[in-house]
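Residue numbering restarts at 1 for every chain, and letters A, B, ... go by the order of the sequence lines. FYI, side chains are in, hydrogens and waters are out, and symmetry mates aren't considered; it's all heavy atoms of this structure. Note that the structure is predicted; figures quoted are calculated from it, not measured.
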Amino acid sequence: MLELRLVQGSLLKKVLEAIKDLVTDANFDCSTSGFSLQAMDSSHVALVALLLRSDGFEHFRCDRSLSMGMNLNHVSKLLKCASNDDIITIKADDDADTVTFMFESPRQDKIADFEMKLMDIKSEHLGIPEAEYQSIVKMPSQEFARICKDLSSIGDTVVISVTKEGVKFSTRGDIGSANIVCRQNSTVDKPEEATTIQMKEPVSLTFALRYMNSFTKATPLSSSVSISMSSDLPVVVEYKIAEMGYLRYYLAPKIED
Amino acid sequence: IFIQVYLAIYFLIL
């Protein structure tokens, strides 16, 4: 028996909007530690990892670990039927081939339930080793989204370079080139508006902007984003989900032939 | 010319 009650149902709506364009089908894994997902995009270049810890749910019952295969477009369609302030409960029986999403209005005067068929999805699970990154940039998530959008009107790839002076996002294309430099500004009044750079070593990597733009669909989940880079690892773009966990995207770099 | 690297080069497939 699985029963997860999430008071802030809008979080789940935002999570689905942030991953459905990158991944079509995925297994949602549920265990005593929480509700999680790990899935690669169809070209095996990017990976999305979600964790919603059990203690972030108002009620979390998971009698035994369960993996539920779902089509993310279908889940997104169902969740669009929930209002932003609805409480969402996910229910499934052990060995069931369906999952039920229940939406309750905050005043408890409207209750809707939607049953969805589960799918059998064979996915490759990747072991991601813990790593120390050479550079970690934390910046406002809206700023990062704006930069990725602006640069993609000029080029297809972005070079992200971190030095102690700041982080530089560069691109070039048929019409010309562009560089955007963000410097540390940790003295701003609101912490969420700060750009901070933890740098052990300078690092510069090239990525496909198409994926970066897809990651920025997670912007509504968090006011800040962290970008962790090492020269021999995929970049990690992380959006923290307040009090509950995270949504992380891993992207393999492009290397010069 | 840039070549896109696959994730599996970095991570173990379990």
Would you mind telling me which of A:Leu47, A:Leu233, A:Leu126, A:Leu251 has the largest number of heavy-atom pairs within less than 4.5 Å of chain B? A:Leu126
Measure the shortest side-chain to side-chain distance between A:Val45 and B:Tyr6 over non-hydrogen atoms and say whether it is less than 4.5 angstrom. yes
Looking at A:Thr206, A:Thr157, A:Asp257, A:Ile255, which has the largest count of heavy-atom pairs under 4.5 Å with chain B? A:Ile255
Heavy-atom closest pair, residues A:Gly127 and B:Phe11: O-CB, 3.5 Å
Could you grab the distance from atom CD1 of A:Ile128 to atom CG of B:Leu7, nearest 0.5 Å is fine? 8.0 Å
Is it the case that over 12 heavy atoms from other parts of the model lie below 6.0 angstrom from the NZ atom of A:Lys138? no
Shortest non-hydrogen contact between A:Pro253 and B:Gln4, atoms and distance: O-NE2, 3.2 Å
Atom CG of A:Asp156 with >12 non-hydrogen neighbours under 6.0 angstrom: no
